[in-house]
Peer 1: 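Would you mind keeping the following structure in view while I ask a few things?
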Amino acid sequence: MNYVDRVLENLIAKNPGENEFHQAVTESLKSIESFVCSNKIYEEMSVLERLTEPERSISFRVSWKGDDNKIHVNKGYRVQFNSCIGPYKGGLRFHPSVNLSIMKFLAFEQTFKNSITGLPIGGAKGGSDFDPKGKSDFEIMNFCQNFMNELFRHIGSYTDIPAGDIGVGAREIGYLFGQYKKIKNLHEGVLTGKGLDFDGLEGRKEATGYGLVYFTQKMLEENGNSFEGKTVCVSGAGNVAIHAAEKAQQFGAKVVTMSDSSGWIYDPNGINLEVVKKIKEKSRERIYKYLEFEPESKYTEGKFNWSIPCDIALPCATQNELILSDAKNLVKNGVKFVSEGANMPTTIDATKYLVSNGVIFGPAKAANAGGVSSSVIEMSQNNSKMTFDSKFSNEKLKDIMESIFAKISSTAKEYGNKTDYISGANILGFKKVSSAMLSEGIL
Ligand code: NDP
């Protein structure tokens with residue numbers, strides 16, 4: 001058994017039941033296996049053992065009072081995975097599925113992703129099993145304040161700078177920030193994804209989705225294609241999905257699907273994003289409402305099964321949403337490119353099936369790095385006490401995403417298959433973090 005397999009075996013034994021964490025580490029380490037095994041220093045210095053164990057995992061109680069006058073209790077988490085190349089950085093997720101395994105997988109992925117950006121940020125993730133759906137504004141505020149009553153002691157603008165993720169947008173970040181400021185008496189850039197009415201960055205909200213499309217456009221170009229005139233399936237109808245669909249449309253594509261956790265819509269005329277924004281951003285309703293505005297579209301209840309023919313698929317909802325049967329549907333219908341907007345949306349067997357059938361694959365840790373990159377621009381804005389405009393932040397985002405693609409593409413060429421962007425991303429991310437770990441000593 002080689003070094004990588006031994007580390008994986010131990011990790012699975014030491015972290016029982018943490019399936020998402022096992023999956024994320026397995027996917028990354030298997031794709032850098034030959035690179036790691038060809039240099040003894042990694043084993044001699046136990047780099048993989050250290051890289052796969054979080055520096056700190058914090059779990060805490062969040063008690064809050066609902067509109068029903070009852071006391072509710074949720075679990076809160078912050079997993080600070082690796083700080084070798086900068087302060088911890090990564091989003092907060094509020095969703096009933098949140099558990100330690102999901103936090104660890106996301107924080108591990110974030111460490112590689114942040115390294116790939118080339119920016120000085122370490123990896124972390126946090127959140128709660130609190131479900132914001134159906135809660136009043138007052139309940140959301142009450143929960144966020146109580147969440148911050150514990151989180152504040154672990155974060156700071158030079159320690160750990162959380163952002164949003166599923167269930168955490170500008171509204172939640174605002175309440176979290178307000179409470180941090182109240183407790184610490186410190187108006188600092190401790191959170192990103194803030195509203196534009198105080199310290200937020202123009203363009204941050206759009207950055208992950210737009211960044212995904214900037215990255216994917218480069219991937220398409222390298223393989224003789226572009227978004228122009230293509231049919232695109234998008235999953236999700238949240239922050240990432242809406243802005244990915246918007247930029248794909250601006251680049252001349254026709255986006256025909258979107259989804260939420262209740263079901264999915266297919267609009268053969270192309271998704272009307274103004275309607276989706278109205279439903280999702282303004283009134284926070286279910287996606288089936290779309291039919292009321294676009295009667296020629298079709299709504300199907302349940303999980304999106306990727307059965308609509310398309311050239312490009314952009315999974316932008318959640319982890320493991322694109323499974324083997326979905327990959328088979330996509331291949332059968334002639335998909336050419338899959339690029340991940342969500343974190344780990346494609347299962348390992350689905351990824352293998354797609355790649356072995358000639359589909360060009362853009363992995364999340366590179367393709368969706370636009371959000372965190374834009375967050376670093378927000379941090380720079382806050383530290384410099386300046387206000388950057390949307391033109392500046394959008395151009396910077398585009399530069400960063402194009403440079404990420406160029407770097408993972410050249411790494412893929414250097415270490416094997418020129419379109420193996422999965423290995424390209426993982427080797428690139430690993431090289432920088434491991435080199436910093438070796439330089440900083442055994443910690
Ligand atoms: P949002 O909460 O804005 O949207 C999430 C979307 O995915 C919603 O439409 C939601 O539907 C759907 N969804 C969530 N869980 C499930 C599920 N179990 N099954 C089916 N659909 C589901 O989150 P974001 O758009 O911010 O995040 C989406 C993905 O992108 C996540 O994987 C996140 O980690 C990743 N990401 C986000 C970044 C950001 O800047 N926001 C940065 C990098 C990655 P419903 O409303 O019904 O729950």
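We count ligands from 1, going down the list as the structure has it; atoms in each ligand are counted the same way.
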Peer 1: Is any N or O atom of Asn368, backbone or side chain, closer than 3.5 Å to an N or O atom of ligand 1?
Peer 2: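 No; the residue has no nitrogen or oxygen that sits under 3.5 Å from a nitrogen or oxygen of the ligand.
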Peer 1: Taking the side chain from Gln110 and the backbone from Lys125, do they hold a donor-acceptor pair closer than 3.5 Å?
Peer 2: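 No; zero donor-acceptor contacts below 3.5 Å.
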Peer 1: For a ring-ring contact (aromatic ring centres under 6.0 Å, His included) check, start with the C-alpha distance between Phe105 and Phe21, then their side-chain angles and the critical distance, and finish with the verdict.
Peer 2: CA-CA 4 Å; Phe105 117 64; Phe21 181 50; 9.0 Å; no
Peer 1: Given 3.5 Å as the limit, does a donor-acceptor pair link the side chain of Lys336 with the main chain of Gly334, or not?
Peer 2: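 Indeed, once roles are kept as given, a pair shorter than 3.5 Å links the two residues.
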Peer 1: What atoms in ligand 1 come closer than 4.0 Å to a heavy atom of Gly341?
Peer 2: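 Listed by number with element, the hits are 30 (O), 35 (C), 44 (C).
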Peer 1: Looking only at protein heavy atoms, which one is nearest to atom 33 (C) of ligand 1, and what is the separation?
Peer 2: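 Heavy-atom neighbour on the protein nearest atom 33 (C) of ligand 1: Asp165 OD1, 3.1 Å.
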Peer 1: Specify the protein heavy atom at minimum distance from atom 40 (O) of ligand 1: its residue, its atom name, and the distance to 0.1 Å.
Peer 2: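 Here the closest protein heavy atom is Thr208 OG1, 2.7 Å.
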Peer 1: Please could you name the atoms of ligand 1 that Arg204 approaches to less than 4.0 Å, counting only its heavy atoms?
Peer 2: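 In order of numbering, the contacting atoms are 40 (O).
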Peer 1: Around atom 29 (C) of ligand 1, find the nearest protein heavy atom and jot down its residue, atom name and distance.
Peer 2: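 Ranked first by proximity to atom 29 (C) of ligand 1 is Ala317 O, 3.2 Å.
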Peer 1: Nearest heavy atom to atom 32 (O) of ligand 1 wins, so pick from Val372, Asn343, Val168.
Peer 2: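 Shortest heavy-atom distance from atom 32 (O) of ligand 1: Asn343.
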Peer 1: Just by distance, with hydrogens left out, do Asp67 and Ser136 show a side-chain donor and acceptor under 3.5 Å apart?
Peer 2: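 Side-chain D/A pair, Asp67 to Ser136: present.
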Peer 1: Against the six-membered ring of Tyr266, is Lys298 placed for a cation-pi contact (under 6.0 Å from the centre, within 45° of the normal)?
Peer 2: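 No, a cation-pi geometry is absent between Lys298 and Tyr266.
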Peer 1: Report yes or no: does Ser384 contribute a side-chain atom to a donor-acceptor pair with the main-chain N or O of Ser380 at less than 3.5 Å?
Peer 2: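 Looks like yes, one N/O pair under 3.5 Å.
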Peer 1: Please check this pair: side chain of Arg204 against backbone of Gly371, looking for a donor-acceptor N/O pair closer than 3.5 Å.
Peer 2: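 Such a contact is found between Arg204 side chain and Gly371 backbone.
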Peer 1: Can any side-chain N or O of Glu18 pair as donor or acceptor with the backbone N or O of Leu11 at less than 3.5 Å?
Peer 2: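 Absent.
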Peer 1: Ignoring hydrogens and geometry beyond distance, is a side-chain donor-acceptor pair present between Ser409 and Lys218 at under 3.5 Å?
Peer 2: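 Looking only at side-chain atoms, Lys218 and Ser409 do not form any donor-acceptor pair under 3.5 Å.
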Peer 1: Among all protein non-hydrogen atoms, which one is nearest to atom 3 (O) of ligand 1, and what is the separation to 0.1 Å?
Peer 2: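 Closest protein heavy atom to atom 3 (O) of ligand 1: Asn239 N, 2.9 Å.
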Peer 1: To the nearest 0.1 Å, how far is atom 48 (O) of ligand 1 from its closest protein heavy atom, and which atom is that?
Peer 2: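 Ranking protein heavy atoms by distance from atom 48 (O) of ligand 1, first comes Lys133 NZ, 3.0 Å.
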Peer 1: Tell me, please: is Met344 in heavy-atom contact with ligand 1, that is, under 4.0 Å?
Peer 2: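 Contact absent.
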Peer 1: Hey, is Ala163 one of the residues with a heavy atom under 4.0 angstrom from ligand 1?
Peer 2: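 Heavy atoms of Ala163 never come under 4.0 Å of ligand 1.
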Peer 1: Using heavy-atom distances only, which candidate in Gly167, Gly238, Ala364 approaches atom 2 (O) of ligand 1 most closely?
Peer 2: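 The residue whose heavy atom sits nearest atom 2 (O) of ligand 1 is Gly167.
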Peer 1: With a cutoff of 4.0 Å, is Gln319 in contact with ligand 1, counting heavy atoms of the residue only?
Peer 2: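 False for this residue.
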Peer 1: With backbone taken as N, CA, C and O and side chain as the heavy atoms from C-beta onward, which portion of Cys316 lies under 4.0 Å from ligand 1: side chain, backbone, both, or neither?
Peer 2: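 Backbone only.
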Peer 1: Using the ring centroid of each side chain, check whether Phe147 and Phe60 are separated by less than 6.0 Å.
Peer 2: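 For Phe147 and Phe60, the ring centres are under 6.0 Å apart.
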Peer 1: Among protein heavy atoms, which sits nearest to atom 24 (P) of ligand 1, and what does the distance come to when rounded to 0.1 Å?
Peer 2: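 Nearest neighbour among protein heavy atoms for atom 24 (P) of ligand 1, to 0.1 Å: Val240 CG2, 3.8 Å.
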Peer 1: Please list the nearest protein heavy atom to atom 20 (C) of ligand 1 with its residue and the distance rounded to 0.1 Å.
Peer 2: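 Here the closest protein heavy atom is Ser261 CA, 3.6 Å.
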Peer 1: At a 4.0 Å threshold, what atoms of ligand 1 neighbour a non-hydrogen atom of Arg286?
Peer 2: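 The list of qualifying atoms is 45 (P), 46 (O), 47 (O).
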Peer 1: List ligand 1 atoms under 4.0 Å from Arg93, heavy atoms only on the residue side.
Peer 2: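 Answer for ligand 1: 31 (C), 32 (O), 33 (C), 34 (O).
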Peer 1: Decide whether a cation-pi geometry holds between Lys135 and Phe130; the criteria are a distance under 6.0 Å from NZ or CZ to the six-membered ring centre and an angle within 45° of the ring axis.
Peer 2: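 Flagged: Lys135 positioned over aromatic ring of Phe130.
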Peer 1: Which of the numbered atoms in ligand 1 are below 4.0 angstrom from a heavy atom of Ser259?
Peer 2: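 Within the 4.0 Å cut-off of Ser259, ligand 1 contributes 9 (O).
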Peer 1: Please state which protein non-hydrogen atom is closest to atom 17 (C) of ligand 1 and give its distance, to 0.1 Å?
Peer 2: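 Result for atom 17 (C) of ligand 1: Thr318 CG2, 3.5 Å.
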Peer 1: Considering only heavy atoms of Ala342, which atoms of ligand 1 have at least one such atom less than 4.0 Å away?
Peer 2: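 The atoms of ligand 1 under 4.0 Å from a heavy atom of Ala342 are 29 (C), 30 (O), 32 (O), 35 (C).
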Peer 1: Looking only at distances, can you tell me whether any N or O atom of Ala241, backbone or side chain, sits closer than 3.5 Å to an N or O atom of ligand 1?
Peer 2: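 No - when backbone and side-chain N and O of Ala241 are compared with those of ligand 1, no distance drops under 3.5 Å.
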Peer 1: Check Glu139 with Lys65, please: is the shortest side-chain N to carboxylate O separation under 4.0 Å?
Peer 2: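 The answer is no: the pair does not qualify as a salt bridge.
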Peer 1: Does Thr159 reach the main-chain N or O of Ile155 with its side chain, forming a donor-acceptor pair under 3.5 Å?
Peer 2: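 Side chain of Thr159 to backbone of Ile155: no pair is present.
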Peer 1: Using a distance-only test with no angle check, is there a side-chain donor-acceptor pair under 3.5 angstrom linking Glu222 and Tyr421?
Peer 2: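 Yes.
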Peer 1: Under 4.0 angstrom from ligand 1, any heavy atom of His95?
Peer 2: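 The answer is yes, since His95 has a heavy atom less than 4.0 Å from ligand 1.
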